[in-house]
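Structure first, commentary second.
Residue numbering restarts at 1 for every chain, and letters A, B, ... go by the order of the sequence lines.
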Protein chains: 2
Amino acid sequence: MEDTKTSPKPRVRDAEATQKRIMAAAKKEFARNGLGGARVDVIAEQAKANKRMIYHYFESKETLFQRVLEEAYSDIRSAEQKLQLDHLDARSALEKLVRFTWKYYLDNPEFITLVNSENLHKAKHLKKSELIHTMSRRFVSMVGELLERGVKEGVFRDGIDPVQLNITIAAINYYYLTNRFTGSIVFERNLMAPEALEERLTFNIETIMRLVCKD
Amino acid sequence: MEDTKTSPKPRVRDAEATQKRIMAAAKKEFARNGLGGARVDVIAEQAKANKRMIYHYFESKETLFQRVLEEAYSDIRSAEQKLQLDHLDARSALEKLVRFTWKYYLDNPEFITLVNSENLHKAKHLKKSELIHTMSRRFVSMVGELLERGVKEGVFRDGIDPVQLNITIAAINYYYLTNRFTGSIVFERNLMAPEALEERLTFNIETIMRLVCKD
DNA sequence: CAATCAACGCACTAACTAGTTACTTTATAT
DNA sequence: ATATAAAGTAACTAGTTAGTGCGTTGATTG
């Protein structure tokens, strides 16, 4: 946090900054190539650090991956908490949540790839994480409260499971983006063209609204 | 196809059978570990073949992966074609399609992992494939025709894009299963318990019906 | 039955990769 | 200033890994 010399000799010793550069480089490399495909040497180079530093601050490649993954989850959960859905009527709040999810995945494609990689490894790194549960619970109850409020307002159907809804909102946005390469070939259309993205978002909002709203 | 000796000495020379064993072993290994994580030696061993044979029949690890991927797509597309949705009224046909998709992913988890791995590699192997397009077109028109028929029957909404619907049906089923490990931790429930699977299928059918059907 | 060709397998290599050893450089506390 | 601990680096190691060279074995055909 403290600026250690803005003067003559530029890059000096700074443990915190080095760790941050390593984390950033690791996130990029893990996202691009998965845990198995990522190269520690590449991370070191990209971080403008030495490979030894990675093993100094993080004990192994896997530990580094775990840290990156935790940070990725912590980032999305904290962004969700800033949504302030309770300031809006239930319908608008739900739409806002869908729009947010879409935009978040679009702006942070590493999140998707990291999660895919973690699932390939049967979530063995996430299992070790403590803070995941606290963050997740808050997220689920946020949606749960929104659903309850919508029912009270008389606009949402009753009896919808917040977890199923969460999964579905994630699914329709996530799947489209994670499978954008094979999808573009299979459906012979560029799924990442601006109009295509617009169209998908509209479709997804419609899907969720029809699922949740009365009539 | 011809049974070369069912008599005394069991496993003799059989090019076709060896190739099939290699393909099967490769599918398993690629699905379990992705293209990068898969080991050619493991494939050879699992196939009860020699590594040399892999390079004899398939020119490289990547070519083998491409063949496995093509076969996986060809398998699901051909299973879809056997559905005979036109024998049912539109609503039942749509439900049948959702049920089929769910069950197919559940019974063939390798398909999901292979597709994930291919997307990590930006679909570079699928790009080279010729027959993908023919199969995909037939699939899209199958759903397109179903939608048209439902509109004529007066049960489906008009103007739904078959591609968007296809993607959504795949998404809500695929996402739940591919992210079952992280999902089970994040939501603190075993997403693969029989009741959970049942519940998810019901929810997914509801989602699609509400999206497509009138009122 | 001899010759030919395809199926098969051992043992190697060249390149790579996670992790380490042993060292130098810099900030800081006395 | 200077001792000390932390930050940083280069070069190495031990183990893997995709891919091959070359020889053997068995089926087929004239």
Side-chain angles (χ1 to χ4, degrees), chain A residues 1-26 28-30 32-68 117 121 124-125, chain B residues 1-26 28-30 32-68 117 121 124-125:
Chain A
M1 294 301 174
E2 54 283 315
D3 50 331
T4 18
K5 271 178 200 166
T6 23
S7 46
K9 269 148 198 170
R11 198 158 284 128
V12 276
R13 306 189 148 216
D14 189 337
E16 204 180 341
T18 304
Q19 287 179 56
K20 274 185 186 164
R21 289 203 313 280
I22 292 172
M23 284 287 281
K28 210 174 154 186
E29 174 71 2
F30 284 135
R32 205 193 297 279
N33 302 310
L35 170 55
R39 296 291 160 246
V40 177
D41 294 84
V42 173
I43 294 172
E45 195 185 15
Q46 289 287 312
K48 285 176 190 165
N50 189 282
K51 187 161 59 151
R52 194 65 192 81
M53 288 293 93
I54 292 176
Y55 291 93
H56 182 73
Y57 293 122
F58 310 90
E59 74 182 30
S60 67
K61 186 187 180 185
E62 295 223 358
T63 308
L64 179 57
F65 180 79
Q66 191 184 321
R67 288 282 304 277
V68 167
S117 191
H121 293 88
K124 65 182 256 199
H125 309 95
Chain B
M1 296 300 174
E2 55 281 315
D3 51 330
T4 19
K5 270 176 199 165
T6 22
S7 47
K9 269 148 198 169
R11 200 156 285 128
V12 275
R13 304 188 150 218
D14 190 338
E16 204 181 342
T18 304
Q19 287 180 54
K20 274 186 186 164
R21 288 202 315 278
I22 291 173
M23 285 285 282
K28 210 173 154 188
E29 174 71 3
F30 284 134
R32 205 192 297 279
N33 301 311
L35 171 55
R39 296 293 160 244
V40 178
D41 294 85
V42 173
I43 295 172
E45 195 185 15
Q46 288 289 311
K48 284 175 191 165
N50 189 281
K51 188 162 59 152
R52 196 70 193 77
M53 289 292 94
I54 293 177
Y55 291 92
H56 182 73
Y57 293 121
F58 310 89
E59 75 182 30
S60 67
K61 187 187 179 186
E62 294 222 1
T63 307
L64 178 57
F65 180 79
Q66 190 184 322
R67 288 282 304 277
V68 167
S117 192
H121 293 86
K124 64 182 256 197
H125 310 94

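Comparing dG19(C), dA10(D), dT17(D) by their nearest atom to the side chain of Arg39(B) picks out dT17(D). Checking dT20(D), dG19(C), dA18(D) against the side-chain heavy atoms of Lys61(B) singles out dA18(D) as nearest. In this structure, of dA18(D), dA7(C), dA7(D), it is dA7(C) that holds the atom nearest to the side chain of His56(B). Distance from the side chain of Ala15(B) is smallest for dA7(C) among the nucleotides dG19(C), dT9(D), dA7(C). Closest approach to the Lys51(B) side chain among dA18(D), dT17(C), dA22(C) is made by dA18(D) (side chain taken as heavy atoms from C-beta onward). Side-chain atoms of Tyr55(B) lie closest to dG19(D) of the nucleotides dG19(D), dA18(C), dG9(C).
For the atom pair Ile22(B) CD1 and Met53(B) CE, the distance stands at 7.5 Å (nearest 0.5 Å). Taking CD1 of Ile54(A) as the start and OG1 of Thr63(A) as the end, the distance is 12.0 Å to the nearest 0.5 Å. Note: Arg67(B) CZ to His125(B) NE2 = 14.0 Å, rounded to the nearest 0.5 Å.
At least one side-chain heavy atom of Phe30(A) sits under 4.5 Å from a side-chain heavy atom of Ile43(A).
Residue-to-nucleotide proximity on DNA chain D shows that, of Tyr57(A) and Gly36(B), the 5′-proximal contact is made by Tyr57(A).
Atom-to-atom, CD1 of Ile43(B) to P of dA18(D) comes out at 8 Å; the value is rounded to the nearest Å. Between the CG atom of Asp41(A) and the C1' atom of dT16(D) there is a distance of 15 Å, given to the nearest Å. Taking atom CG of residue Asn33(A) and atom P of nucleotide dA18(C), one finds them 11 Å apart after rounding to whole Å. Spacing between atom CD of Glu16(B) and atom P of dC8(C) amounts to 12 Å, rounded to whole angstrom units. Atom CG of Asn50(B) is separated from atom P of dG23(D) by 16 Å (rounded to the nearest Å). Between Ile54(A) atom CD1 and dG8(D) atom P the separation is 13 Å, expressed in whole Å. Protein atom CZ of Phe65(B) is 19 Å distant from nucleotide atom C1' of dG19(D), rounded to whole Å. Rounded to whole Å, the distance from CE on Met53(B) to P on dA18(D) is 18 Å.
For dG19(C), neither phosphate oxygen OP1 nor OP2 lies less than 4.0 angstrom from any side-chain nitrogen or oxygen of Ser60(A).
Remark: the Arg52(B) side chain and the dG23(D) base include no donor-acceptor N/O pair separated by less than 3.5 Å.
Between Tyr55(A) and Ser60(A) the shortest heavy-atom distance is CE2-CA, 4.0 Å.
Looking at heavy-atom distances under 4.0 Å, Ala44(A) makes no contact with the nucleic acid at all.
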